[in-house]
Amino acid sequence: MASPLLFLVLIVVAPAAVLLLALSFLVCPRPVKIPVKGRHVFITGGSSGIGLALAKRAAREGARVSILARSLPKLEDARDMIRVTTGVEVAIYSSDVRDGAAVQKAVDAAGPIDVLICSHGVFVPQELETQSIEDIKFMVDVNLMGTFHLIRAALPGMKRGGGPRSISLMSSQAGQVGIYGYTAYSASKFALRGLGEALQQEVINDDIHVSLIFPPDTETPGFVQESKIRPEVTSKIAGSSVGMKADDVAERTLNGIKSGSFIVPCNFDGLMLAIATCGLSPQRSYLMAFCEVTCAGLLRFVALCFQWGWYATIEKCSARKK
Ligand SMILES: NC(=O)C1=CN([C@@H]2O[C@H](COP(=O)(O)OP(=O)(O)OC[C@H]3O[C@@H](n4cnc5c(N)ncnc54)[C@H](OP(=O)(O)O)[C@@H]3O)[C@@H](O)[C@H]2O)C=CC1
Ligand SMILES: CCCCCCCCCCCCCCCC(=O)[C@@H](N)CO
């Protein structure tokens with residue numbers, strides 16, 4: 001009779017090995033390393049929160065850093081802080097991403113970009129029924145249209161560049177799962193997923209690599225403001241994922257960009273969420289592809305457990321309001 005070990009090898013190890021081998025050929029686009037040192041990193045939203053943490057980290061790693069945002073005083077403060085903490089002089093560009101012409105002017109002035117990080121963003125959490133159409137348009141115009149303006153302005157120069165380049169879009173875990181109070185915000189962040197998947201197919205032959213970053217609640221000035229107005233249900237559901245510091249998100253973001261990852265989760269909850277929502281996004285890592293293939297079913301069960309808890313919370317909070 002075959003020994004139990006042999007039986008185990010036959011039904012578990014062998015199929016796993018065959019799957020891993022197949023995936024090492026299947027994953028595409030192929031793995032890539034994107035250097036940051038000595039290259040031009042252009043970060044929108046670089047005067048605050050995650051964008052500022054990214055600018056500091058990229059400066060420390062020897063990149064030439066440009067940061068774009070609306071408020072010039074905040075940009076100047078950010079430049080001074082980066083100079084003091086890293087000794088690096090970053091370039092600042094005051095522009096509203098909703099203004100395509102102004103964005104084009106800033107990008108032309110900054111010169112060709114090797115790593116574009118779209119970290120600008122606004123978030124006004126509120127139930128759709130009571131939210132003004134102006135606030136809805138505000139989030140879509142800044143988070144989505146602003147990103148289109150940046151990519152269109154940067155792409156021609158990036159295509160003329162040398163070596164692997166990156167376009168990174170700061171999404172959110174609310175861009176992987178719709179959350180109560182985030183109808184417009186989630187819509188604007190889900191849209192970045194479709195933009196990124198389509199764009200990656202259009203620019204892969206130019207050695208340009210797209211990354212989507214999915215942070216949880218992150219301690220930033222924007223989050224402090226948001227927390228004052230966020231519905232209780234939104235905070236409870238968002239609290240399902242462990243919050244992070246901006247610098248830790250920046251570290252995961254930069255590591256994800258340098259490894260050319262298309263989906264960049266920032267914490268363990270985000271890793272589970274990324275596998276549960278991987279859909280038809282590109283996967284360059286055959287180990288991650290192995291996890292996606294083998295854990296999809298289990299993580300769908302985990303996701304349903306989260307959903308069960310969230311709807312129980314929604315019911316409890318609405319009962320309390322009555
Ligand atoms: N904080 C969090 O919990 C999370 C944040 N994110 C995402 O991370 C990104 C950064 O968020 P966070 O650091 O918290 O935000 P902050 O509010 O701290 O910073 C936002 C940055 O974007 C800039 N910005 C805002 N609107 C515009 C605009 N119209 N044109 C140009 N720049 C603009 C701001 O500068 P200025 O106002 O001067 O223009 C600022 O530099 C956003 O995309 C957000 O959706 C994702 C998940 C979690
Ligand atoms: C297999 C399933 C696992 C699921 C675990 C993770 C659950 C995620 C909950 C959603 C978190 C939403 C954070 C929004 C952060 C943000 O963008 C705002 N602070 C605005 O900036």
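On a predicted model such as this, the values are computed, not experimentally measured, just so you know. For ligands, and for the atoms within them, numbers begin at 1 and follow the listed sequence. Nothing fancy with the numbering, it's 1 onward along the sequence.
Looking at Y185, F306, F214, it is Y185 that brings a heavy atom closest to atom 21 (O) of ligand 2. Residue nearest to atom 4 (C) of ligand 1, selected from G222, P216, S188: P216 (by heavy-atom distance).
Ligand-side atoms of ligand 1 in range of K74: 35 (O), 36 (P), 37 (O), 38 (O), range being under 4.0 angstrom from any heavy atom. For ligand 2, the atoms sitting less than 4.0 Å from at least one non-hydrogen atom of Q173 are 8 (C), 11 (C), numbered in the order shown with element in parentheses. In the vicinity of G49, heavy-atom distances shorter than 4.0 Å reach the ligand 1 atoms 13 (O), 18 (O). For ligand 1 and D96, the ligand atoms under 4.0 Å from any heavy atom of the residue are 28 (C), 29 (N), 30 (N). Residue V142 approaches ligand 1 through these ligand atoms, each under 4.0 Å from one of its heavy atoms: 26 (N), 29 (N). Residue F223 approaches ligand 1 through these ligand atoms, each under 4.0 Å from one of its heavy atoms: 1 (N), 3 (O). Each of the atoms 18 (O) of ligand 1 lies under 4.0 Å from some heavy atom of P221. Of all atoms in ligand 1, listed by their number and element, those nearer than 4.0 Å to a heavy atom of S95 are 30 (N), 31 (C).
Given atom 30 (N) of ligand 1, the protein heavy atom at minimum distance is V97 N, 3.0 Å. Atom 45 (O) of ligand 1 has as its closest protein heavy atom Y185 OH, 2.7 Å. Nearest protein heavy-atom neighbour of atom 1 (C) of ligand 2: L299 O, 3.7 Å. Of the protein's non-hydrogen atoms, S172 OG, 3.5 Å is the one closest to atom 16 (C) of ligand 2. In terms of protein heavy-atom proximity, atom 8 (O) of ligand 1 is closest to M170 CG, 3.3 Å. Among protein heavy atoms, the minimum distance from atom 23 (C) of ligand 1 is reached at G45 CA, 3.7 Å. The protein heavy atom nearest to atom 9 (C) of ligand 2 is I237 O, 3.8 Å. Closest to atom 38 (O) of ligand 1, if we only count protein heavy atoms, is S71 N, 2.9 Å. With hydrogens left out, the protein atom closest to atom 41 (O) of ligand 1 is S47 OG, 2.7 Å, a heavy atom. Among protein heavy atoms, the minimum distance from atom 13 (O) of ligand 1 is reached at I50 N, 2.9 Å. For atom 15 (O) of ligand 1, the nearest non-hydrogen atom of the protein is F123 CZ, 3.9 Å.
Taking CD1 from I92 and CG from D80, the interatomic distance works out to 8.5 Å, rounded to the nearest 0.5 Å. Once rounded to the nearest 0.5 Å, the distance linking NZ of K37 with CZ of R64 reads 15.0 Å. For the atom pair S168 OG and I34 CD1, the distance stands at 7.5 Å (nearest 0.5 Å). If you take OG1 on T220 and NZ on K245, they are separated by 12.0 Å, rounding to the nearest 0.5 Å.
A side-chain donor from one of Y180 and E127 sits under 3.5 Å from a side-chain acceptor of the other. Side-chain contact annotation: N255 with E251, donor-acceptor N/O pair under 3.5 Å absent. When only modelled atom types and interatomic distance are considered, S95 and R70 share no side-chain donor-acceptor pair under 3.5 Å. Using modelled atom types, one finds a donor on one side chain and an acceptor on the other under 3.5 Å when comparing R284 with H209.
Distances from ligand 1 to the non-hydrogen atoms of S119 include at least one value under 4.0 Å. In this structure, S171 is part of the shell of residues with a heavy atom less than 4.0 angstrom from ligand 1. R230 counts as a contact of ligand 2, since one of its heavy atoms falls under 4.0 Å from the ligand. Close to ligand 1: K189, with a non-hydrogen atom less than 4.0 angstrom away.
By the 3.5 Å distance cut-off applied to N or O atoms, D269 is not counted among the residues near ligand 2.
Counting only distance, with no hydrogens or angles, the side chain of Q200 and the backbone of I208 share a donor-acceptor pair below 3.5 Å.
Residues meeting the side chain to side chain donor-acceptor pair (under 3.5 Å) test with Q173, sequence neighbours left out: S241, N267.
Using a 4.0 Å cut-off between charged nitrogen and carboxylate oxygen, R83 and E89 count as a salt-bridge pair. Between R98 and D141, no side-chain nitrogen of the basic residue sits less than 4.0 Å from a carboxylate oxygen of the acidic one, so the salt-bridge criterion is not met. Salt bridge annotation for R230-D217: present, with a cationic side-chain nitrogen under 4.0 angstrom from a carboxylate oxygen.
Summarising the local packing, OH of Y286 is surrounded by 12 or fewer heavy atoms from other residues, nucleotides or ligands at distances under 6.0 Å.
Looking at Q176 against ligand 2, nothing comes within 4.0 Å, counting heavy atoms. Only the side chain of W310 comes within 4.0 Å of ligand 2, counting heavy atoms alone; its backbone N, CA, C and O stay farther away.
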